[in-house]
There are 2 protein chains.
Amino acid sequence: MKHDVSPDTIPPRGHEAKRASIMDAAGEVFCRESFAGANIDMIAAEAGVSRQTIYNHHGDKEKLFVAIVRDLTERCNAGIFATISTFPDQPKDLEADLIAFAVRMNRNCICSRDGKFLRKLIQAEGERYPELFAEWREQGPGRTWPAIAARFARLAHAGFLDIEDPDVAARQFQALANAELQTTFMLGGTPTDDEVLQSATHGVRTFLRAFAKRQPAADAQKHSALAGA
Amino acid sequence: MKHDVSPDTIPPRGHEAKRASIMDAAGEVFCRESFAGANIDMIAAEAGVSRQTIYNHHGDKEKLFVAIVRDLTERCNAGIFATISTFPDQPKDLEADLIAFAVRMNRNCICSRDGKFLRKLIQAEGERYPELFAEWREQGPGRTWPAIAARFARLAHAGFLDIEDPDVAARQFQALANAELQTTFMLGGTPTDDEVLQSATHGVRTFLRAFAKRQPAADAQKHSALAGA
DNA sequence: GACGAATTAGACAAGAGTGTCTAAATTTGT
DNA sequence: ACAAATTTAGACACTCTTGTCTAATTCGTC
């Protein structure tokens with residue numbers, strides 16, 4: 001009967017578009033109204049889709065919510081790893097390169113739509129879905145922090161920095177780069193490009209005052225660091 | 001007729017106890033379930049009070065919520081200012097004293113029941129009550145950050161630190177002291193005393209690497225910069 | 001112990017939201 | 001253009017919640 005035995009289910013073209021539209025709208029609404037405050041009609045309206053379609057795709061409100069969180073976690077992780085891969089391993093201008101990296105991290109991962117949504121959902125509903133957010137913790141922070149720490153360790157090993165504990169340094173780097181954005185984050189706002197740059201600049205300067213290699217011991221005649229072999 | 005013309009209304013003894021009990025329970029429940037997810041019966045049960053009593057005291061759910069946030073804001077501010085007043089103006093051991101201060105700040109203000117609740121309510125509902133949280137912003141961060149910055153400025157002026165911008169330094173101090181607690185905060189957890197101490201210790205050490213006064217100017221012949229006049 | 005105020009349990013109407021169902025309309029692949 | 005699958009609007013039963021009301025009870029004070 002079925003000549004299309006291939007991948008079992010061959011969803012129509014528009015199907016995936018609807019799905020994506022629902023995910024988008026649901027993220028927005030759950031984030032704005034919290035799980036309990038969100039209602040399906042709101043999401044349907046925002047997605048430009050009928051309520052029934054949402055039930056067809058996701059079953060019920062809770063399953064939809066879980067799908068959203070999983071989706072955001074995945075996308076954010078991808079973004080973070082992509083950004084980590086731009087870490088300045090061989091910096092020409094250490095300060096400028098680290099500032100640029102911090103700005104990228106903030107703009108692409110922390111202030112992005114996905115980053116903001118995921119953060120808020122975790123804060124708001126984390127305690128209610130322990131397994132779901134344990135999963136996030138393992139897949140997210142559990143994998144990204146070591147990756148960032150490894151980059152700093154390499155930078156230190158190459159003689160650019162003077163770091164004892166790369167894990168601590170990585171967390172402090174991020175904390176410093178965000179130091180001036182906390183209040184804005186608290187209220188769900190999105191800092192301007194200028195605020196991000198300011199905070200990153202101040203943060204990286206302090207970071208380097210703490211961790212920059214001290215005068216290269218060897219032939220320190222002026223105060224310029226003659227690195228490299 | 002009334003010999004007790006004094007403060008007009010003389011509420012019975014138990015009245016205030018009930019009021020406090022309601023505030024406690026409501027804070028807990030709003031925080032755990034979010035505004036939309038909380039229901040009055042839950043709060044009544046947790047407060048050991050009948051539903052009607054809550055309506056007698058506060059009118060409706062929204063007024064109750066606003067009262068909670070105002071109350072938490074006030075209490076947290078009081079705690080923060082009390083803690084700021086223990087800032088080490090004349091440190092005997094700069095590192096140890098700053099670590100102790102950071103720990104106090106974290107334990108009494110950030111990790112405390114009130115601090116945790118206020119933070120969560122602001123994050124979850126901030127966008128829905130712009131005026132209420134604008135008020136918080138003015139009364140809270142708007143007054144506490146300058147106060148902390150002033151203490152750091154004084155410490156720098158007294159020759160203990162080398163700081164250009166005390167406002168930036170104050171924010172970075174706090175960011176560093178909390179750097180290792182972020183993930184825990186995210187999920188609504190309360191870090192152990194040990195974690196708080198760890199994070200504060202690492203944070204303050206980095207802070208001092210960045211801002212401690214360089215070799216006391218006097219007998220600097222090797223590679224220290226002879227600043228000052 | 002008696003009075004007045006506050007609290008209580010329970011019923012109640014009104015409204016809102018979830019999830020199901022149906023029949024009609026639309027879209028997709030061929 | 002046809003057949004199958006998907007989407008749609010609307011009605012629906014059901015549950016939950018808010019906020020009000022009443023009558024009985026408890027509490028604090030004298």
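Chain naming here is simple, since letters A, B, ... match the order of the sequence lines and numbering starts at 1 in each. All figures in this text were calculated on a predicted structure; none of them were measured in a lab.
Taking the six-membered ring for Trp and thresholds of 30 and 60 degrees, Phe30(A) and Phe35(A) have nearly parallel ring planes, at less than 30 degrees apart.
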Which is it for Met105(A) and Ile148(A) under the side-chain contact (heavy atoms from CB on, under 4.5 Å) test, yes or no, and what are the steps along the way? CA-CA 11 Å; Met105(A) 198 55 123; Ile148(A) 300 175; 3.6 Å; yes
Could you check Thr53(A) against Ser50(A) for side chain to side chain donor-acceptor pair (under 3.5 Å), going step by step and ending with a plain yes or no? CA-CA 5 Å; Thr53(A) 299; Ser50(A) 86; 3.2 Å; yes
Test side chain to side chain donor-acceptor pair (under 3.5 Å) on Thr86(B) and Arg104(B) and set out the steps. CA-CA 9 Å; Thr86(B) 71; Arg104(B) 279 195 298 277; 2.9 Å; yes
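In this structure, Phe211(B) has its ring center at least 6.0 angstrom away from the ring center of Phe173(B). Checked against the 6.0 Å centroid criterion, the rings of Phe65(B) and Tyr129(B) qualify as a close aromatic pair.
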Its contact letters, B for base, S for sugar-phosphate only and - for none at protein heavy atoms under 4.0 Å, make nucleotides 16-22 of chain D read -SSBBB-
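Atoms CD (Glu16(A)) and C1' (dT7(D)) sit 15 Å apart, rounded to a whole Å. Here the P atom of nucleotide dG17(C) and the CD atom of Glu33(A) are 10 Å apart, to the nearest Å. Lys18(B) places its NZ atom 13 Å from the P atom of dA6(C), with the value rounded to the nearest Å. Atom NE2 of His57(A) and atom P of dA5(D) are 16 Å apart (whole Å).
A close approach under 4.0 Å does occur between a side-chain nitrogen or oxygen of Thr53(B) and OP1 or OP2 of dT8(C).
Counting non-hydrogen atoms under 4.0 angstrom, His58(B) reaches nothing in the nucleic acid.
Residues Pro130(B) and Leu187(A) are not in side-chain contact: their nearest non-hydrogen atoms beyond the backbone lie 4.5 Å or more apart. Using a 4.5 Å heavy-atom threshold, the side chains of Cys76(A) and Cys109(A) count as separate.
If one axis is set at each end of the helix from dG1(C)-dC30(D) to dT30(C)-dA1(D) from five pairs, those axes are 50° apart, to 10°.
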